[in-house]
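Keep in mind that the numbers below use all heavy atoms, side chains included, and drop hydrogens, waters and symmetry copies. Counting convention: from 1, in listed order, for ligands and their atoms alike.
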Amino acid sequence: MSVINHQYKYRLKPKFGRVYIGIIMALATAFQVSADTITYPNGAHVAVHLSYDDGLSSQLDHAIPTLDEYNIKGSFYLLPGSATLNNERQVEVWKKAAQNGHELGNHTVFHPCSSKGPERSWVKPYASLEQRTPEWMAAEVKMANTFLFLLDGQKRRTFTPPCFETMTGSGDYLSAVRPLVAGVYGRTLPKPEEVFWSAHNVSGQQLINYIKRSATNPRTKIIGIKFHGVGGDYLSVSDEAHHELVQYLAKHHDQYWVTTYKNIVDYIHQQ
Ligand SMILES: [Zn+2]
């Protein structure tokens, strides 16, 4: 009883509260309708995107050839500071991938993540999120945009926050970065309209099952699978498992609109 009284004491006057709730309900309904009515360019009701973080060599060696074999476009969140971008051959391969329709996404320059906890000993002091500010993060994302523009000539791309963490030592940086990118990975629609899975050490069938299971929810409009290593490097999925998934998606192109995350975000914003 005391809890109820306490809540009531701090609530807006009932009349204004009702108006406020009414506005929220109207907005929620409007949003729901728009999400429910999305039909993608190929007639599918669900979009699927495959994305790959950290610009790893195994993605060049295994993921891109498989995607190209089935003419599926992926989103690759590169790190200008990473070792895969320090030689001519790899730079050329990334350029070619972009010309071929794959998205080169922004993942910052130095991959700042929280350095808290013993499992984060790999985070270098200069890349510790706790040492950053939102302004600094925005400057770094701008820098990565410029670098990627030199590779692909594109001025808009989506962004994946490293480690999916956005809290700096002086507040969340996402609002400072949003205006600089076409979209933020996994944050275009609320759950369960949009879902994604960071997959590693799983079979092709498990990946396929995730897509199938997610698509059974009629509210789900965007399904993502996030990879790191493919047939090598770290947090890996085997080349075979990745191949099995890509083959499945190519076979069911009438059910899923499989494209880059940027294409999906742009399409939804146009609706
Ligand atoms: Zn990463």
Notebook entry, point to check: Do His242 and Tyr52 make the cut of ring centroids closer than 6.0 angstrom?
Noted result: yes
Checklist line | Minimum-distance N/O/S atom that His107 presents toward the Zn ion (ligand 1) | finding: NE2
Next item on the list: Among the N/O/S atoms of Asp54, select the one at the shortest distance from the Zn ion (ligand 1) and name it.
Entry: OD1
Note to self: Applying the side chain to side chain contact (heavy atoms under 4.5 Å, CB included) criterion to Val141, which one of Val109, Leu180, Thr146 satisfies it?
What the structure shows: Leu180
Check: Just how far is it from atom CG of Leu235 to atom NE2 of His228, taken to the nearest 0.5 Å?
Finding: 5.5 Å
Next item on the list: Any side-chain hydrogen bond (donor to acceptor under 3.5 Å, both in side chains) involving residues 204-215? Give me the pairs, sequence neighbours left out, ordered by first then second residue.
Entry: Ser203-Gln206, Gln205-Asn209
Item checked: Residue His111, metal the Zn ion (ligand 1), N/O/S under 2.8 Å -> yes
Note to self: If I take every N, O or S atom of Cys113, is at least one of them less than 2.8 Å from the Zn ion (ligand 1)?
What the structure shows: no
